[in-house]
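To keep things clear, I will list the structure first and then write my remarks on it.
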Amino acid sequence: MLKTHTCGELRPEHAGQSVTLAGWVFRRRDQGGVIFIDLRDRWGIVQVVVNQENAPDAHKAADDARSEYVLMVKGVVRLRPEGTVNDELETGAVEVGVEHIEILNESKVPPFYLNQDVEIEERVRMKYRYLDLRRPKMQRNMIMRHKVVKFIRDYLDERGFLEIETPILFKTTPEGARDFLVPSRLNPGTFYALPQSPQQLKQLLMVGGYERYFQIARCFRDEDLRGDRQPEFTQLDMEMSFVQRDDVMALIEGLMIAVTEQVAGKTPKYKPFPRITYTEALEKYGSDKPDLRYDLAAVDISDIAARSSFIVFQQNAEAGKPIKVMRAPGYAAKMSGTEMRKVMGELETMARGEGAKGLAYLAIGDTLESEVKGPAAKYFSVDQKAELFERVGAEPGDILLFVSDVREVVYNVVDKLRRHLAGVLNLADPEEVAFGWVIDFPMFYWNEDEKRWDPSQHMFTMPLPEDVALLDTDPGKARGSQYDLACNGYEVAGGSIRIHDRALQEKIFPLIGQTLEHARDQFGHMLEAFEYGVPPHGGLASGIDRLVMVLLAEPNIREVIAFPKTQTGSDIMANCPTPAEPRQLEEAHIRVVPVPEK
RNA sequence: GGAGCUGUGGUGUAGUGGUUAACAUAUUGCCCUGUCAAGGCAAAGAUCGCGGGUUCGAAACCCGUCAGCUCCGCCA
């Protein structure tokens with residue numbers, strides 16, 4: 001080893017020891033006769049001091065050194081002189097008095113600051129990702145990610161789970177996301193698909209008798225990217241036999257609490273995790289993955305609004321369109337009348353963007369009885385206002401926002417306004433972590449384009465026992481055994497109890513527009529396997545990238561992935577994807593069709 | 001497929017029709033033996049993403065295009 005100690009570990013108890021360090025020049029302070037270098041490695045930063053009189057050769061090397069030079073430093077650890085202790089550094093009580101410096105490698109001037117917390121344009125960071133990764137924040141993120149994964153492995157191992165690898169080259173699935181395809185050279189004209197998740201394989205492992213399986217699995221989906229979505233990502237994939245819904249939920253809840261507390265050093269806002277139904281989530285928060293760090297729930301006031309003198313509300317109530325109120329606590333008190341009109345105009349634009357026709361509001365003054373302003377105020381009688389305020393828990397200084405339309409639009413507007421208001425009212429503490437289960441999802445949602453039901457999770461999800469009969473009579477009402485885990489407005493996990501009965505499975509296919517023959521074609525191996533003694537089983541998958549992102553309060557999934565893709569799915573460091581060589585195409589039996597001109 | 005935002009020395013920003021394109025920082029040189037975002041002095045560094053147009057004149061206005069980001073569609 002070229003180092004005896006790490007830069008980050010030196011403490012007063014090391015004083016007097018001769019050490020050899022190796023790392024990068026983080027900062028250099030040249031005082032003439034004495035040069036200070038903050039030397040950085042993965043474990044931290046320590047100050048090394050070079051004195052011209054004591055170590056002339058080392059001083060010459062320190063004089064030549066520049067930012068990001070790689071140095072090997074020999075010297076003696078000593079307590080810093082009184083008054084020069086640096087409380088900002090973990091190693092700030094000590095320094096290394098240098099006897100020898102060897103420049104292991106020089107560095108060009110880095111294209112951006114590694115030693116300052118300045119926002120750098122994303123494409124520059126990505127082009128020089130290997131430098132970006134040197135920044136302390138990125139190293140912290142990668143270390144946290146490692147610890148989370150390690151903790152999960154140990155936790156599940158201790159509970160009897162086996163980590164089993166499943167193929168990356170597998171079969172295309174017509175369901176769900178678009179597949180990445182891989183041509184088979186040995187079988188001209190045929191293709192593997194990269195797994196969207198090991199869903200089928202883990203179920204087959206249950207058939208295989210493993211009972212408790214997990215995998216830190218890479219998954220691939222050829223869909224457009226988002227701030228929380230990359231085309232390749234990592235899942236904790238797990239499956240258990242002989243379990244019911246609560247067993248899986250309890251295991252994962254225990255795991256998530258332990259990870260949050262023992263790895264991330266935070267405490268979940270709610271223990272145990274609250275459970276809300278899918279319907280309740282949408283009615284209150286407009287989302288099936290609500291941010292539970294703050295309340296801001298929408299309240300249905302259709303009955304009151306129907307009695308108001310506002311024609312639109314009367315008509316909507318008549319047509320069965322809900323009228324909901326969102327209470328922005330204290331928002332009116334923060335603004336002048338002019339500001340309010342401007343801000344409400346912006347909110348209305350936001351609501352229109354989600355399909356609403358408008359956004360009525362009402363601002364409450366210093367008391368609930370006085371100074372009620374805003375366009376919606378005049379439509380409600382004094383008694384109706386009192387009833388309204390009581391219903392939504394209004395307080396002086398609040399603004400009440402009225403949303404009314406078909407349910408889907410109301411949900412979208414509520415979700416959008418919630419997230420926005422939480423931001424402007426500072427309701428979402430970035431350091432807080434609020435998990436919550438969402439359960440009782442519908443089995444299917446209606447696909448109007450294809451005129452069929454689509455599975456809301458996947459086709460192997462078991463209906464709730466009491467809803468099995470609904471498959472024949474009213475499939476849209478049937479609820480599945482699905483459970484999703486939401487955290488801070490992100491979906492961080494989802495799973496279900498699976499169908500283990502072939503007859504029930506075969507009932508699902510026609511509902512989702514698949515003929516039995518087609519199903520046999522695509523899932524014959526599954527159906528066949530299901531004839532050989534399948535244990536009741538269920539499991540869950542959790543997006544590791546997203547989970548780590550939330551635990552670190554990072555706003556973007558790229559911050560927790562070493563080499564992520566840009567929004568157009570490219571890697572601007574390595575410059576890919578690129579066209580294939582003609583020879584490669586020939587071997588793969590692929591012909592490229594030029595993109596047609598517009 | 002669509003909408004929006006952004007693109008100015010290495011980096012971060014200012015500059016809304018006429019400027020020597022400004023500032024900070026980084027960089028280079030010199031000075032400096034207790035600094036820690038060290039300091040002082042000096043220097044170098046930008047055809048304002050690219051192409052076209054409007055104009056006497058464009059970093060700025062218009063059109064197109066490319067890239068990055070955010071969002072909708074898409075995706076659990």
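Here is the naming used below: chain letters follow the sequence lines, and residue numbers restart at 1 for every chain.
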**OP:** Give a yes or no on whether a salt bridge exists between A:D454 and A:R452, defined as a side-chain N under 4.0 angstrom from a carboxylate O.
**Re:** yes

Original post:
Is any NZ, NE, NH1 or NH2 atom of the basic residue among A:K357 and A:D405 found under 4.0 Å from an Asp or Glu carboxylate oxygen of the other?
Top reply: yes

Original post:
For A:K565 and A:R229, take the nucleotide of RNA chain B holding the closest heavy atom to each; which residue's nucleotide lies nearer the 5' end?
Top reply: A:K565

Original post:
How is A:G494 classified with respect to the nucleic acid when contacts are heavy atoms under 4.0 Å: base, sugar-phosphate, or nothing?
Top reply: nothing

Original post:
Counting only distance, no hydrogens or angles, is the base of B:G10 paired donor-acceptor with the side chain of A:Y113 under 3.5 Å?
Top reply: yes

Subject >> P spacing across the pair B:G7 / B:G15, given as an integer number of angstrom >> reply: 10 Å

**OP:** Could you tell me the separation between the CG atom of A:D228 and the C1' atom of B:C71, rounded to a whole number of Å?
**Re:** 12 Å

Original post:
On a whole-Å scale, what distance lies between the C1' atoms belonging to B:U25 and B:A38?
Top reply: 14 Å

Original post:
If every non-hydrogen atom of A:V77 is compared with every non-hydrogen atom of A:V94, which pair is closest and at what distance?
Top reply: CG1-CB, 4.0 Å

Original post:
Would you call A:E283 and A:R407 a salt bridge, using N to O less than 4.0 angstrom?
Top reply: yes

Original post:
Hey, is the side chain of A:R221 poking within less than 4.0 Å of OP1 or OP2 on B:C74, counting only N and O atoms?
Top reply: no

**OP:** Give the rounded distance in Å between these two atoms: CD of A:Q567 and P of B:C72.
**Re:** 11 Å

Original post:
Between B:U11 atom P and A:E68 atom CD, what is the distance in whole Å?
Top reply: 16 Å

**OP:** Assign each of A:P110 and A:Q235 to its nearest nucleotide of RNA chain B by heavy atoms, then name whichever residue's nucleotide is nearer the 5' end.
**Re:** A:P110

**OP:** Please give the nucleotide sitting opposite B:U27 as a Watson-Crick or G-U wobble pair, both distances under 3.5 Å, or none.
**Re:** B:A43

**OP:** Scan every strand shown for a Watson-Crick or G-U wobble partner of B:A22, both distances under 3.5 Å, and answer none if you come up empty.
**Re:** B:U13

**OP:** Report which part of the nucleic acid A:S570 touches: base, sugar-phosphate, or nothing (heavy-atom distance under 4.0 Å, all strands).
**Re:** sugar-phosphate

Subject >> Shortest side-chain distance from A:E122, nucleotide among B:G12, B:C69, B:U27 >> reply: B:C69

Original post:
If you look at every strand shown and take non-hydrogen atoms under 4.0 Å, does A:R419 touch a base, only sugar-phosphate, or nothing?
Top reply: nothing

Original post:
With rounding to whole Å, what would you report as the distance between B:U47 and B:A21 at their P atoms?
Top reply: 13 Å

Original post:
Looking only at heavy atoms, what is the nearest atom pair of A:D545 and A:T234, with distance?
Top reply: OD1-N, 2.8 Å

Subject >> P spacing across the pair B:A60 / B:G9, given as an integer number of angstrom >> reply: 14 Å

Subject >> Identified side-chain hydrogen bond (donor to acceptor under 3.5 Å, both in side chains) counterpart of A:R78 within the set A:Q17, A:H14, A:E95 >> reply: A:E95

Subject >> Length of the CG-P vector between A:D224 and B:A3, whole Å >> reply: 15 Å

**OP:** Please determine if a side-chain N or O atom of A:T568 lies less than 4.0 Å away from the OP1 or OP2 oxygen of B:C69.
**Re:** no

Subject >> N/O donor-acceptor pair under 3.5 Å between A:R80 side chain and A:V85 backbone >> reply: no

Original post:
Which parts of nucleotides 28-44 of chain B does protein reach within less than 4.0 Å, heavy atoms only, written one letter per nucleotide 5' to 3' as B for base, S for sugar-phosphate only and - for none?
Top reply: SS--BBBBBBB------

**OP:** Starting at atom CG of A:L225, determine the distance to atom C1' of B:G73, rounded to an integer number of angstrom.
**Re:** 14 Å

**OP:** Between B:A37 and B:G1, how far apart are the C1' atoms? Round to whole Å, please.
**Re:** 47 Å

**OP:** Report the base-pairing partner of B:A59 (Watson-Crick or G-U wobble, both distances below 3.5 angstrom), or none.
**Re:** none

Original post:
Any donor-acceptor pair under 3.5 Å linking the side chain of A:R418 with the backbone of A:A298?
Top reply: no

Original post:
Rounding to a whole Å, what distance do you find between A:I120:CD1 and B:U13:C1'?
Top reply: 12 Å

**OP:** Provide the distance between the two P atoms, one in B:G40 and one in B:C5, to the nearest whole Å.
**Re:** 41 Å

**OP:** Specify the separation, in whole Å, of atom CZ of A:R226 and atom P of B:C75.
**Re:** 11 Å

Original post:
Is there a Watson-Crick or G-U wobble partner for B:G64 with both distances under 3.5 Å, and which nucleotide is it?
Top reply: B:C50

**OP:** Give none if B:G4 has no partner; otherwise give the nucleotide forming a Watson-Crick or G-U wobble pair with it, both distances under 3.5 Å.
**Re:** B:C69

Original post:
Is any NZ, NE, NH1 or NH2 atom of the basic residue among A:D224 and A:R229 found under 4.0 Å from an Asp or Glu carboxylate oxygen of the other?
Top reply: no

Original post:
When you compare B:C48 with B:G12, how far apart are their C1' atoms, in angstrom units rounded to a whole number?
Top reply: 15 Å

Subject >> Pairwise P distance for B:U13 and B:G53, with rounding to whole Å >> reply: 32 Å

Original post:
Taking a pair as Watson-Crick or G-U wobble with both distances under 3.5 Å, which nucleotide is matched to B:G34?
Top reply: none

**OP:** Please work out if A:E82 contacts a base, only the sugar-phosphate, or nothing of the nucleic acid, heavy-atom cut-off 4.0 Å.
**Re:** nothing

**OP:** Could you check how far CD of A:E121 sits from P of B:C66, rounded to whole Å?
**Re:** 18 Å

Subject >> Closest heavy-atom pair and its distance - A:I152, A:V259 >> reply: CG1-CG2, 4.3 Å

**OP:** Mind listing the residues from residues 435-442 of chain A sitting with a heavy atom below 4.0 Å of RNA chain B? Number order is fine.
**Re:** none

Subject >> Distance test, side-chain N/O of A:R178 to OP1/OP2 of B:G73, below 4.0 Å >> reply: no

Original post:
So which heavy atom on A:K284 is nearest to which on A:V414, and how close?
Top reply: O-CG1, 4.0 Å

Donor-acceptor pairs under 3.5 Å, side chain of residues 485-494 of chain A to any protein atom, not counting sequence neighbours: which ones?
{"from": "A:N488", "atom 1": "OD1", "to": "A:A434", "atom 2": "N", "distance (Å)": "2.9"}
{"from": "A:N488", "atom 1": "ND2", "to": "A:E432", "atom 2": "O", "distance (Å)": "2.9"}

